[in-house]
Q: 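Input: one structure, supplied below.
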Amino acid sequence: MSNAVWHVTGARPNFPKAAPVVAALNERGISQGLVHTGQHYDDNMSTVFFEQLKLPRPDINLGVGSGSHAQQTATIMTGLEELFLKEQPKLVVVYGDVNSTVAAALVASKLHIPVAHVEAGLRSFDMTMPEEVNRIVTDRLSNLLLATSPDAIAHLAHEGVAADRIHLVGNPMIDTLLSFVKDSGEAPHVEGFEIPDGPFAVATLHRPANVDDPGDLNVLKDALHATADQLPVVMPVHPRGKARMTEIGLFDHDNMHAVEPLGYLEFLGLVRRSALVVTDSGGIQEETTVLGVPCLTLRPNTERPVTITHGTNQLVTAPALAGIVKETLAAGRPTTWKVPPLWDGQAGPRIAEVIDNFLAAQG
Ligand code: UD1
């Protein structure tokens, strides 16, 4: 008998979202298959996450690799069409906002296979972000819209999605964080960076809007160097933009420590210990919110406003960064903080219940 549910993952942020959903569906005895599209393929962007998060080995890896948006999305679609025609899933589950997500939603819906979108309804209202296009298209095609925060529900309602298709389930990435935070160690081993006794910052940058244009990157370099004048900065470098960052001398400062992309546990361990994080990632805004670590997001907008209203996040411009770092260090890490509703480690079981009910209603 073929698997009822097929999960489609492909890029690094998908893996911590899928792990608790796969585990909770397993508990319910629902048969499932796992696709890795191969959008991310380096061991430290992919394999290490499967091992550390105890995700089952993918049933199939499409091995699509890198390419332009059209090439990558089209190659994923071609591979998934063949798979779905053969496997005839009852439901396809997609995660987040990467190219693998929208590719799977497009293929499934054209084959009349229902789609469940985990992390539905987030909106940056910035159509220059590829992720915003992916979110809107995926949500439009999804039958089950599984939302992490109340603002997402409001966006979907505003876009005319029927209320019975929308479910506030909490944040499965936080399930993963809460279940692994103890394993992340007091002082994880990070090749190329000795964790100091005093405060240090973690920085990550990978968004096209920040790293693709050498002019913008130069402004960020000045901001990061002015930060590194104040405390050591460790920067696990995403392959996107690495060459450009090296070329413009972003790492040429005694207090800037460029390291390879880290495994899930090592990164979590580092963030937990840090005084503050500087980032343009979406997921890290959420993780710092739960860990109570100040997060300075180098973007003009966020699709995750709950991390500002409830959490430790603030949007900053590059010229303002060093001043805000100074204030943040003076204030110290918060001793109490709120977390958004339902970010409680139980999102996976809630999602599994919604899926189970959906499958039962399909007969
Ligand atoms: C993708 C997602 C982004 C997410 C990010 C997390 C899309 C549109 N973007 O961006 O939303 O925040 O993942 O990491 O889906 N590369 C490697 N090794 C790898 C993977 C990528 O060297 O294992 C390099 C290649 O040069 C590639 C570039 O990184 O061209 C970009 O990879 P891609 O998957 O297209 O987008 P990301 O920037 O990783």
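Hydrogens, waters and symmetry mates are skipped; everything else that's a heavy atom, side chains included, is used. Numbers here are sequence positions counted from 1. All ligand and atom numbering here is 1-based and tracks the order in the structure.
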Q: Which one of Arg240, Glu132, Arg207, Lys242 has a non-hydrogen atom at the shortest distance from atom 28 (C) of ligand 1?
A: Arg240

Q: So, Asn313 versus Thr297: side-chain donor-acceptor pair below 3.5 Å or not?
A: yes

Q: Would you check if Phe200 and Arg273 make a side-chain contact, meaning some heavy-atom pair closer than 4.5 Å?
A: yes

Q: Counting only heavy atoms not in Glu82 (residues, nucleotides, ligands), do more than 12 fall under 6.0 Å from its CD?
A: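 It does not: Glu82 CD has 12 such atoms or fewer within range.
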
Q: Considering heavy atoms of the protein only, find what lies nearest to atom 3 (C) of ligand 1 and give residue, atom and distance to 0.1 Å.
A: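 The closest heavy atom on the protein side is Glu131 OE2, 3.2 Å.
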
Q: Among all protein heavy atoms, pick out the one at the shortest distance from atom 18 (N) of ligand 1; state its residue, atom name and that distance to 0.1 Å.
A: Asp42 OD2, 2.8 Å

Q: Looking only at protein heavy atoms, identify the closest one to atom 6 (C) of ligand 1 and say how far it is in Å.
A: Pro13 CD, 3.5 Å

Q: If we ignore hydrogens and angles and just use 3.5 Å, is the side chain of Gln230 paired with the main-chain N or O of Ala322 as donor and acceptor?
A: yes

Q: Return the closest protein heavy atom for atom 39 (O) of ligand 1 as residue, atom name and distance.
A: His40 NE2, 2.7 Å

Q: Would a 4.5 Å heavy-atom cut-off, applied to side chains only, mark Thr288 and Val277 as touching?
A: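 Side-chain contact under 4.5 Å: yes.
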
Q: Without hydrogens or angle criteria, can the side chains of Ser149 and Arg304 be said to hold a donor-acceptor pair below 3.5 Å?
A: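 Judged by distance alone, the side chains do not pair up.
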
Q: Please write down residue, atom name and distance for the protein heavy atom closest to atom 25 (C) of ligand 1.
A: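 Answer, as residue, atom name and distance: Ser66 OG, 3.4 Å.
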
Q: For Met45, take its heavy atoms, then give the atoms of ligand 1 lying under 4.0 Å from any of them.
A: 23 (O)

Q: Quick one: nearest non-hydrogen protein atom to atom 22 (O) of ligand 1, plus distance?
A: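 The protein heavy atom lying closest is Pro239 CB, 3.2 Å.
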
Q: Starting from atom 16 (N) of ligand 1, find the nearest protein heavy-atom neighbour and note its residue, name and distance.
A: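 Residue, atom and distance for the closest contact: Tyr41 OH, 3.5 Å.
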
Q: Would you kindly say whether His7 and Gln32 are connected by a side-chain donor-acceptor distance under 3.5 Å?
A: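 Distance-only check passes for His7 and Gln32.
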
Q: Please state which protein non-hydrogen atom is closest to atom 5 (C) of ligand 1 and give its distance, to 0.1 Å?
A: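 Of the protein heavy atoms, His206 NE2, 3.6 Å lies nearest.
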
Q: Closer than 4.0 Å to some heavy atom of His69 - which atoms of ligand 1 meet that?
A: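 Counting atoms of ligand 1 from 1, those under 4.0 Å from His69 are 8 (C).
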
Q: N/O to N/O below 3.5 Å, does that happen between Asn99 and ligand 1?
A: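 Yes; the residue has a nitrogen or oxygen that sits under 3.5 Å from a nitrogen or oxygen of the ligand.
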
Q: Do other residues, nucleotides or ligands put more than 12 heavy atoms under 6.0 Å from Arg140 CZ?
A: no

Q: Counting both backbone and side chain atoms, is some N or O of Gln39 under 3.5 Å from an N or O of ligand 1?
A: yes

Q: Take a 6.0 Å sphere around NZ of Lys90 and say whether it holds more than 12 heavy atoms from other residues, nucleotides or ligands.
A: no

Q: Under 4.0 Å from any heavy atom of Gln72, which atoms of ligand 1 are there?
A: 34 (O), 35 (O)

